[in-house]
Structures are given as C-alpha cells and as structure tokens.
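Have a look at the structure below, then the notes.
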Amino acid sequence: MMNFLLLNQSLKRVASVVVTALIATHSLAQAADETPANGILWEVTSATNTAYLFGSFHLAKASFYPLPAAVQNAYQQADTLAVEVDASDPQFSRKLIPLLSYAAPDKLENHLQKATWESMQKLLGASAAQFQSLKPAMVATGLMIGVVAQQGYDPAQGIDLHFIKRAKKDGKQLVELESLEFQARMLGGLSDEDGDAMLSQTLHSLSNGDAVRDTALMVQAWKAGDAEALATILEETANKDAGSRKIMKLLLDDRNPAMADQIVALMSAGKKVMIVVGAGHITGKNSITDLLRQRGLQVRQMKPEIAASTASSAAVSTTAQKK
C-alpha cells in the first residue's frame, strides 16, 4: 500500500526471479474479474473548504480506466494534487536502493531467523541466493510484486501514478505527503526482529495462498466502492498473528496521523485539493478518514449513485469561478 511499490530496475529483477520460482511450484490464480472500477472516494468538508480523498492501488490494470465521472470531476475541480510520494521521480532508484540494501560482506541471511531463511529457500529454491544483498522489506516487497504482477497488475497503471502524470501535464500543484527517502528509511531501518516478522509473514501468505486471495478480495471491494468490506479485509489481515498486526501498524496506522495533519493544513490554506493515497489508508479504524473526523472535519463516502452529481457540481462551480 506504499508508492514505494513502484517498480524500478532492481525490483523488476527481483519480481522476475520471484515469478519464475513461484510458477515452478504453485498454480497462481489469475484475476478474471474485469468489472468497472468505482473506487472509494470521500468528500472532506471543513467550515470553509471541501476536498476529495481517493483510495489508490499502486499496481493496477488498464481495465480500471477510465475511472468514474465522480472521480474525474473531483480531479477537475482541484488546483492541487496530494499524494504519498511522487512516483514519477526519475531519481527513484538512486534514492531508494542504497537505503534498502546491505553493504558487502553483510547479507540478508545474517539478519533473519534460521526458520525464515529456510522458508525462503523452500519457497524460492536456489533463487533465494539472489536476494542476499537486499534488506527484508525490499525482499518482501519484491515477493508481493512478483505475485501481483503475475495476475496482470502493473505499476505503470497505478492509480496514483496516473493522476501524478495528469497533474504535471495540467499544471496543477503537486504535494508529497511523505517522501521516497522517508518511506525507504522507515522500511530500511526496521530492526532485525521487525524485518524478519515482515518477511516471514509475506512468505507464509505466499505459501498458503493468502497473498493471492487477499489481493483479489481487496481489489474486488475497491472496485465495488465497498469501504466497509475493504476495512474488514484489512482488519482480518492484520489480526492473523502478532507479526501481521505489528507490520500493518507500521505500514498504515503509524503513518496516517502525519498525512491527516497535512491534509488539514492544505484545506486551511484554501487549496482545492484532491488527495490520492493507498486504499489501505482511507478506511477503517485509525485511517486517514477516521483521523480527519477526529480533527473536526465532516467526512462522507461518495457512493457511486450520489457521487457523480455532487462532484460534477463542484467542478462546474470551480470552472465558473475561473471565468
């Protein structure tokens, strides 16, 4: 659920290794559901301003587009686009890889429990050795990318990247709620215990099929615009074991307060802002929407049947003000 998931050349190599190894040992389910994507869109209202918050998948499919009219209108009325990070940054690899790699002679195996390393060898075979230079979070991400990519999802089709490119073309202000360095340092700076927990949980979910099933269920809920179902899936995923709870807290709950504060600041400054962040950040307890309510803002989901007329009116109003 992080823009960190954007594939650079190193992650492409990791994903290629993962896909080759997993295809040899598993029959991965292909996502056949190509129904229209409603997505999950929220309207955020203060005493003086209105913003729109949209949940993203950082890897998506061409079939997700075009997005619904309500989402398009929310974008059109905005003068500012706020995202986790600028996923189109050409310096992505240069900034990221050193923070998520070990300097020789250090290696991944030195920082894992024996059982975790053996699980990785069991899953990937001889290919496991190709990951020795990478930190656990980088490996876990590459593993998940490999599985998701094998189902047809592509970072080049990511929802946030789609809007970032549009915003730059349209001359809208682009605001990063975090930074690549922050995300990389957060994951690269995990303790050995937390890094092992993250990788161990990922290996387990790949081995028992949960990674494929959970991804399919989350996408299904997002495409249906079902925020409650998505929140339930995320909660169930977090509650599978202590390691899962710890990692979900790190990846979602711990990051949400700072992003919520920045959204409040943008709205207070009078910005007409559309916020596009990972779908896991915008629904359920301790989510950005939950925190915005706690900060005194009104937040309501724009269901597909009512979203179009409301967002369209906002877009028309903005257009009229510019004339």
Side-chain angles (χ1 to χ4, degrees), residues 1-15 55-59 80-104 106-108 111 131-145 155-156 158-165 167-168 172-199 202 246-266 271 273-282 287-288 291:
M1 301 185 184
M2 305 179 67
N3 265 331
F4 158 74
L5 292 176
L6 179 65
L7 284 176
N8 51 53
Q9 292 301 315
S10 294
L11 279 178
K12 285 181 180 177
R13 291 195 293 272
V14 172
S56 168
F57 275 88
H58 303 313
L59 287 82
T80 302
L81 177 71
V83 295
E84 292 174 43
V85 299
D86 180 0
S88 67
D89 185 348
Q91 298 300 314
F92 183 87
S93 296
R94 183 185 64 80
K95 295 176 181 177
L96 182 66
I97 299 304
L99 298 173
L100 290 167
S101 302
Y102 292 114
D106 201 4
K107 58 184 179 179
L108 174 67
H111 299 269
F131 294 83
Q132 285 279 28
S133 67
L134 303 176
K135 292 186 178 181
M138 183 73 161
V139 177
T141 299
L143 290 168
M144 288 303 302
I145 287 174
I159 305 297
D160 44 353
L161 186 59
H162 166 81
F163 281 110
I164 288 168
K165 289 180 176 179
K168 289 184 174 182
K172 295 181 186 286
Q173 182 182 5
L174 182 65
V175 174
E176 292 183 296
L177 300 177
E178 297 182 326
S179 69
L180 289 172
E181 291 91 340
F182 167 80
Q183 292 187 351
R185 289 185 187 281
M186 177 185 67
L187 293 175
L190 292 178
S191 67
D192 284 358
E193 179 183 357
D194 288 347
D196 183 88
M198 182 177 188
L199 182 53
T202 300
K246 194 169 188 178
I247 295 306
M248 291 292 279
K249 180 177 183 296
L250 173 75
L251 296 180
L252 297 177
D253 293 358
D254 289 353
R255 296 166 55 209
N256 288 338
M259 288 196 279
D261 286 341
Q262 290 192 71
I263 292 169
V264 172
L266 287 168
K271 298 293 186 181
V273 60
M274 180 181 183
I275 306 105
V276 180
V277 296
H281 292 283
I282 67 166
S287 66
I288 291 175
L291 296 172

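Sequential numbering from 1 along the given sequence is applied to the chain's residues.
The minimum heavy-atom distance between Ala260 and Leu291, with the atom names listed, is CB-CB, 4.0 Å. Considering all non-hydrogen atoms of both residues, Leu187 and Ala137 come closest at CB-CB, 3.6 Å. Closest heavy-atom contact between Val276 and Ser56: CG1-CB, 3.7 Å. The two residues Leu100 and Ala184 make their nearest non-hydrogen contact at CD2-O, 3.8 Å. Among all heavy-atom pairs drawn from Lys107 and Tyr102, the shortest one is C-CD1, 3.8 Å. The shortest heavy-atom contact between Leu134 and Ser101 is CD2-OG, 3.9 Å.
You'll find the side chain of Lys135 stays beyond 4.5 Å of the side chain of Leu99, heavy atoms only. At least one side-chain heavy atom of Asp194 sits under 4.5 Å from a side-chain heavy atom of Lys246. The closest side-chain heavy-atom distance from Asp253 to Met248 is not below 4.5 Å. Contact check for Arg255 versus Met186: side-chain heavy atoms found under the 4.5 Å cut-off.
Atom CG of Leu59 and atom CD1 of Ile159 lie 10.5 Å apart (nearest 0.5 Å). A distance of 11.0 Å separates CG in Asn256 from NZ in Lys249, rounded to the nearest 0.5 Å. Separation of atoms CD1 (Ile275) and NE2 (His281) is listed at 13.5 Å; rounding is to 0.5 Å.
For Asp106, there are no salt bridge (charged side-chain N to carboxylate O under 4.0 Å, His left out) partners at least two apart in sequence or on another chain. Remark: Ser287 pairs with Thr289 by the side-chain hydrogen bond (donor to acceptor under 3.5 Å, both in side chains) rule, at least two apart or across chains. With sequence neighbours excluded, the residues forming a side chain to side chain contact (heavy atoms under 4.5 Å, CB included) with Ala167 are Tyr75, Leu81, Lys172, listed by chain and number. Here Asp196 pairs with nothing under the salt bridge (charged side-chain N to carboxylate O under 4.0 Å, His left out) rule; sequence neighbours left out. With sequence neighbours excluded, the residues that form a side-chain hydrogen bond (donor to acceptor under 3.5 Å, both in side chains) with Lys168 are Asp86, Ser88. Shown here are the side-chain hydrogen bond (donor to acceptor under 3.5 Å, both in side chains) partners of Asp192, two or more places apart in sequence or in another chain: His111. Residues that satisfy the side-chain hydrogen bond (donor to acceptor under 3.5 Å, both in side chains) test with Gln132, not counting sequence neighbours, are Glu109. Under the side chain to side chain contact (heavy atoms under 4.5 Å, CB included) criterion, Ile247 pairs with Met198, Leu251, not counting sequence neighbours. With sequence neighbours excluded, the residues forming a side chain to side chain contact (heavy atoms under 4.5 Å, CB included) with Thr80 are Gln173, Val175, Lys271, Val273, listed by chain and number.
Judged as a salt bridge (charged side-chain N to carboxylate O under 4.0 Å, His left out), not a single pair has a partner in residues 182-191 (not counting sequence neighbours).
Exactly one residue among Leu190, Thr202, Leu108 makes a side chain to side chain contact (heavy atoms under 4.5 Å, CB included) with Pro136. That residue is Leu108.
At least one donor-acceptor pair closer than 3.5 Å links the side chain of Glu84 to the backbone N or O of Gly278.
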